[in-house]
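Here's the structure we're looking at; comments come further down.
Keep in mind that this is a model prediction, so the values were computed, not measured. Side-chain atoms are counted along with the backbone in the values below, which use heavy atoms only and exclude waters and symmetry mates.
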Amino acid sequence: MVARIQSTTARIQSTTVRIQLTIARIQSTTVRIQLTIARIQLTIARIQLTIARIQLTTARIQYRNLANLLLLNTKAMALPTPRAKTQQFN
């Protein structure tokens, strides 16, 4: 009878250790998944920052292009109109 109790106790302890090991593996996997999610979020944030920089650069280029066009138009309007050459007689 004592031997059966000891055998059952040993099996329960063995099962308990296996369960604890499985829990530790699950926790480790959970931490790895969380780390992967954090890395993905960081990558997404970097991509969004890059997109924002591209949009800012695009806006600056468009502004410069518009300013240059306006400047060219202003200069063109300010140029004197060509006049016919007058002949000078001495």
Side-chain angles (χ1 to χ4, degrees):
M1 187 69 157
V2 173
R4 256 176 100 184
I5 292 172
Q6 288 174 338
S7 173
T8 302
T9 302
R11 279 188 273 131
I12 290 171
Q13 288 172 338
S14 173
T15 302
T16 302
V17 168
R18 284 198 307 265
I19 290 170
Q20 289 171 336
L21 180 60
T22 301
I23 290 170
R25 287 180 180 149
I26 290 170
Q27 289 172 334
S28 173
T29 302
T30 301
V31 168
R32 276 189 260 129
I33 290 169
Q34 289 172 335
L35 179 60
T36 301
I37 289 170
R39 287 180 177 150
I40 290 169
Q41 289 172 330
L42 178 60
T43 301
I44 290 170
R46 287 179 176 153
I47 290 168
Q48 289 172 331
L49 178 60
T50 301
I51 290 170
R53 287 179 176 155
I54 289 169
Q55 289 172 333
L56 178 61
T57 302
T58 302
R60 285 181 177 156
I61 291 169
Q62 289 173 338
Y63 177 79
R64 280 191 209 128
N65 286 344
L66 180 61
N68 286 337
L69 283 173
L70 291 172
L71 188 62
L72 285 174
N73 284 341
T74 304
K75 285 183 179 178
M77 290 186 333
L79 288 175
T81 55
R83 295 184 186 172
K85 290 187 180 179
T86 57
Q87 291 182 340
Q88 291 182 336
F89 295 100
N90 288 337

Side-chain donor/acceptor pairs under 3.5 Å, residues 43-51, sequence neighbours excluded:
residue: Thr43; atom: OG1; partner: Arg39; partner atom: O; Å: 2.9
residue: Thr50; atom: OG1; partner: Arg46; partner atom: O; Å: 2.9

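The hydrophobic side chain of Tyr63 is isolated, with no ILVMFWY side chain under 4.5 Å apart from it. Hydrophobic clustering, defined by side-chain heavy atoms of Ile, Leu, Val, Met, Phe, Trp and Tyr closer than 4.5 Å, groups Leu70 together with Leu66. By the 4.5 Å side-chain criterion applied to Ile, Leu, Val, Met, Phe, Trp and Tyr, Ile26 is assigned to no cluster and stands alone.
For the atom pair CG of Asn68 and CD1 of Ile61, the computed distance is 11.5 Å after rounding to the nearest 0.5 Å. How far CD of Gln6 is from CE of Met1: 12.0 Å, rounded to the nearest 0.5 Å.
Every residue meeting the side-chain contact (heavy atoms from CB on, under 4.5 Å) condition with Arg32, not counting sequence neighbours, appears here in chain and number order: Ser28, Thr29.
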